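These numbers come from a predicted model, not from an experiment. First listed ligand is number 1; within each ligand, the first listed atom is number 1. One-based numbering along the sequence shown.
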Amino acid sequence: MAKTVKAEIEGLRAELRRHLHLYHVLDSPEISDVEYDELYRRLEKLEADRPDLITTDSPTQRVGDTPSSAFEPVTHRQPLFSLDNADSLEALEAWERRVVRGLEGEASGYMCELKIDGLAVSLTYEGGQLVLGATRGSGTVGEDITHNVRTIEAIPLVLLGKPPSLMEVRGEIYMPLTAFEELNKRQTESGGQSFVNPRNAAAGSVRQKDPAITATRRLAIWCYQVGHLEGGPPPPSQSETLDWLQELGLPVNPASERVDSRDGLEEYVQRALKDRHKHNYQTDGVVVKVDALAEQDVLGFTARSPRWAVAFKFPAEERTTLLKEIRINIGRTGAATPFAVLEPVFVGGATVTLATLHNEGELHRKDIRPGDVVTVRRAGDVIPEVVGPVLSARQGKKLRKWHMPKKCPFCGNPIVTEEGEARAKCTGGFECPSRLREYLFHFASRGGMDIEGLGYQTVDLLMKNDIIADPADIFTLGSEDLLTFEGWGEVSVNNLLAEIELAKDRPVARLLTALGLPLVGPTVAKSLTRRFWSIDLLMAASAQDLAAIDGIGPEIVSAVQAWASDPETIALVEKLRAAGVRLEDPEPESGIDESLAGVTLVITGTLERFSREKAKAAAENKGARVTGSVSKKTTALVAGANAGTKLAKATDLGVPVLDEAGFETLLAQGAEALTE
Ligand code: IVH
C-alpha cells in the first residue's frame, strides 16, 4: 500500500514539473490553470498524510521556509561581469570593428539577445538540484536569496535530461508587465506603496525577508549564460549554450537569434527597437555576443567587461505632456529644487507624474513655464527630465515665467541664494519639515545608520505625531510612542526598536556619513575617523591636522570646520551622546598605524585566511587604499586562488602581484616590504 502512495506522489511530482516546463519554458501549456491547481492540491494532500515522503525538490516545497533576518553574502565562483554599452548604431559598429581587429578577421557569427530589464541572478545546480540562488551584488559578492528564488515557478528545482555535476547559470529575473500591473493595483487597494517600474518591483520582491511574499509576486526568468561548470565541457558557442539551457529545462528567451554578419546585427537591433513594447516584459536594449567560445577566448576581457559582448542601449524615450505646475522640494541639506508636476504620461516604461527641473537658472535657460506643453525624457533608471517646452503649443496662451518663492512653502522661512551659488536654500534648518524629512530618511538609510524599517512612511508618521524632531530623537523612541499607530503591533514595534538599539553602536564613520555634512561621503568619513576616532576629537581638530590627512582637500576641511562650529551641530551631538549613541571608535592601540599610507591595493581571487572584506579592512586599517580595478596607479595586486582578468591586467601593466603570504608580509612589515 505504502508503495502505491509513494508511486502516486512521485508520479504527480513528475507531472507537475512537466506542466511547469511546458508553461514557462516551452510556452505551450497542455492544461488549464484550474487543472494544474487540482493536481497540485492532490499532491499537497498526499504529502500532508505522509510527511515522511516530502522532499525539498517537490513542487509543493517552494514556499515553506521561515522568514530570514538577513541575506548572507555569497562569493561567486566566477565574477558576474557587466557589459560595455553602445548607445548608437555607430558605437555598435565601432565595437564590431574592434572584434574584427581582435580576431584578425570576421567573427563566424553573433548571438543577438534582448537585454532584459530585470536583475541578474546566479543559480547553482548540484547534481541537477537547485542549491543556491544569489544576487549579482558587486559582481564578486552577492547575497544569498535561495529561499526566495525557490518560490519562482519558472525556475526549475530539478534540471531535466543529463545535468552536469555542478553548474552555475546566470539569468535575469523580471516581473511580467501583467503581473506588475496587478501588483500595483493590489498595493494601491491595500493602501501600500506602488512600484515605479517592473524592475524595481522585481528587485524588491526577491529581497523580501519572507519567501511567502516573493511567492505572490509572480516573477519569471530568462537564462542567458553559464558560469562555473563541472562534469563536462561547456557547449562550443553561445547559441548552443542557450539550446542546452533550454534542454535542461531553464527558460531561454525565444527572441534570441544567431546572425552571421554585421547587416544581420543591425537588422536585429532595428527590429528589437520597433518591437520593444510588444513583449510582456521590459527590454532596455540588445546584448550582442560573439557566438563561438573559441573566438570569445581570443578576445578576452578588459578590467570590467568582456570584449566579446556589448549592450546596445535603446535610446531614451520622449513624450509630450502638460506641465501643470512647478513646485519645490527642500532636500536634506536645505537646497530648494524645483520640480514639474505633469499630466501623467507613459514614457520609457513607466508612468511619469513628476520630473526634476534642477534649478531656476536652468528653467529660465530652457524657458519652461507652468502651463506649457513640455517634452519629457526618460531612459532606463534615470530620473525623468523635462527637455523643454513645445513652443508652438504656447501660442495664444499667456504664460508667466516661474520664480523661486521667497518663502519656503513648508516652514515659511526665507529662501535665499548665496553669492556664487546656483542653488537656493531654505534657511529654516530642522524647523523645515521637508528638510527634516529628507534628512531623517538619509540618516536612517542603508548608507547611513542603516536602521531597517525607518523609511519615508515611518518618518512621516513619527514627524506628523511630533515624536521626532531631529535624528537624536530616534534613539529615545519607546514602544508606547509606536503602539498606538494603526497597523503597528508588538512584533513590528519590537523589530524597529531592536534595529534602533543596534544602530546606537555603529562605527563613527557611519554616524558621520549619516549626519550628512557636505562633501563627506563614506570614503571621506573613513579617512577622517581613522585619524580622529571620536566625534569630539574630530570637532576639535585644527584645519592643519585635517588637511594633513591623505585625500582631504581644503573644501572638505572648511566643510568639517563649519559643521563643527555650528551651534545646531553642537546641540545635536550632545543629544546623541545623552541618548547613548556611540561617538567614538576604540582608540588604536599604539597610535594610528599608517604603515601602508600611500599604498593602493587591488584584491582578487580567493584567499584562504581572509575573506575579501577582512583583507580589505586589514589593509585599510594601516592606511592603504583598496580599489576595485587595476590601473597604472595600483601599487600591488593581491591575488588569491582563481584570480582572473585582474591578474592578467596587472601582469600586462607590470603591477607587482602578491600571493597570500606576500600580503601577510606586507601587513606585518608595512610598505617597505614592497621595495625589498
Ligand atoms: S550577458 C558577460 N545577456 O545586463 C556577460 N546580460 O551589463 C554578462 N542582461 O548584468 C551578461 N539581459 O543583468 C547578458 N541577454 C542578456 C542580458 C543581460 C540583461 C543584464 C545583466 C547584466 C547586464 C549587463
Side-chain angles (χ1 to χ4, degrees), residues 76-87 91-92 95 99 110-123 133-143 145 149 154 168-176 197-200 202-203 206-207 219-229 234-235 237-239 241-243 245-246 250-259 265 268-269 272-273 275-276 279 281-293 295-297 299-314 349 379-382 644-646:
H76 297 299
R77 284 192 170 87
Q78 283 173 21
L80 275 73
F81 284 94
S82 61
L83 295 177
D84 274 347
N85 291 332
D87 42 26
L92 182 62
W95 170 79
V99 167
Y110 296 99
M111 196 63 200
C112 298
E113 297 164 23
L114 296 180
K115 188 167 186 306
I116 311 298
D117 195 9
L119 64 145
V121 285
S122 147
L123 306 173
T135 62
R136 173 172 187 277
S138 66
T140 320
V141 182
E143 287 177 314
I145 50 163
V149 156
E168 194 241 308
V169 236
R170 283 92 187 260
E172 201 82 354
I173 289 189
Y174 65 93
M175 185 175 286
N197 58 37
R199 202 183 61 78
N200 284 1
V206 295
R207 295 194 80 267
L219 297 169
I221 191 168
W222 296 125
C223 295
Y224 48 67
Q225 207 194 3
V226 174
H228 187 78
L229 180 65
S237 66
Q238 172 67 7
S239 45
T241 300
L242 294 184
D243 291 344
L245 292 178
Q246 169 122 6
L250 293 156
V252 170
N253 189 293
S256 314
E257 240 170 70
R258 187 183 190 280
V259 301
L265 260 179
Y268 184 92
V269 168
L273 201 56
D275 293 345
R276 70 181 288 196
H279 313 284
Y281 46 85
Q282 281 192 339
T283 59
D284 56 350
V286 169
V287 178
V288 182
K289 302 171 186 173
V290 168
D291 193 36
L293 228 57
E295 291 173 355
Q296 291 185 1
D297 284 343
L299 292 164
F301 290 79
T302 69
R304 271 174 305 115
S305 48
R307 290 199 187 85
W308 45 262
V310 72
F312 172 84
K313 287 273 189 132
F314 289 148
D381 242 5
V382 185
T645 52
K646 291 185 188 170

- Flag side-chain contact, heavy atom, 4.5 Å: Val99 against Tyr110: yes

- For atom 23 (C) of ligand 1, which protein heavy atom lies nearest, and how many Å away is it? Lys115 NZ, 4.1 Å

- Name the closest protein heavy atom to atom 9 (N) of ligand 1, giving the residue it belongs to and the distance to 0.1 Å. Glu172 OE1, 3.6 Å

- Side chain, backbone, both or neither: the part of Lys289 lying under 4.0 Å from ligand 1 by heavy atom: side chain

- Note on the structure: A student checking ligand 1 against Phe81 at a 4.0 Å heavy-atom cut-off should list atoms 8 (C)

- Do Leu114 and Tyr281 have side chains that get closer than 4.5 Å, going by heavy atoms? yes

- Closest non-hydrogen atom pair, Gly133 against Leu123: CA-CD2, 4.2 Å

- Message: Within the 3.5 Å criterion, strictly below it, is a donor on Tyr224 or Glu172 matched to an acceptor on the partner's side chain?
- Response: yes

- Show which atoms of ligand 1 fall inside a sub-4.0 Å distance from at least one heavy-atom site of Ser82. 7 (O)

- If you have a sec, work out which protein heavy atom is nearest atom 15 (N) of ligand 1 and how many Å separate them, to one decimal? Glu113 OE1, 2.9 Å

- Nearest protein heavy atom to atom 22 (C) of ligand 1, by residue and atom, and its distance? Tyr224 OH, 4.1 Å

- Interatomic spacing from CD in Glu295 to CZ in Arg307 - rounded to 0.5 Å: 15.5 Å

- Task: Do me a favour and list the nearest non-hydrogen protein atom to atom 7 (O) of ligand 1 with residue, atom name and distance?
- Result: Leu83 N, 3.0 Å

- Item | Taking every non-hydrogen atom, the tightest pair across Ala309 and Trp95 | O-NE1, 3.6 Å

- For Asp291 and Gln238, indicate whether the former's side chain and the latter's backbone hold a donor-acceptor pair under 3.5 Å. yes

- Which of the ligand 1 atoms, numbered from 1, are nearer than 4.0 Å to a heavy atom of Val287: 3 (N), 16 (C), 17 (C)

- Task: Answer yes or no: is there an ion pair linking Lys313 with Asp87, defined by an N-O contact shorter than 4.0 Å?
- Result: no

- Note on the structure: Numbered in order shown, the ligand 1 atoms found under 4.0 Å of a heavy atom of Ile116 are 12 (N), 19 (C)

- Item | Leu114 neighbourhood, listing ligand 1 atoms whose heavy-atom distance to it stays under 4.0 Å | 12 (N), 15 (N)

- Return the residue, atom name and 0.1 Å-rounded distance of the protein heavy atom closest to atom 2 (C) of ligand 1. Pro306 CG, 3.5 Å

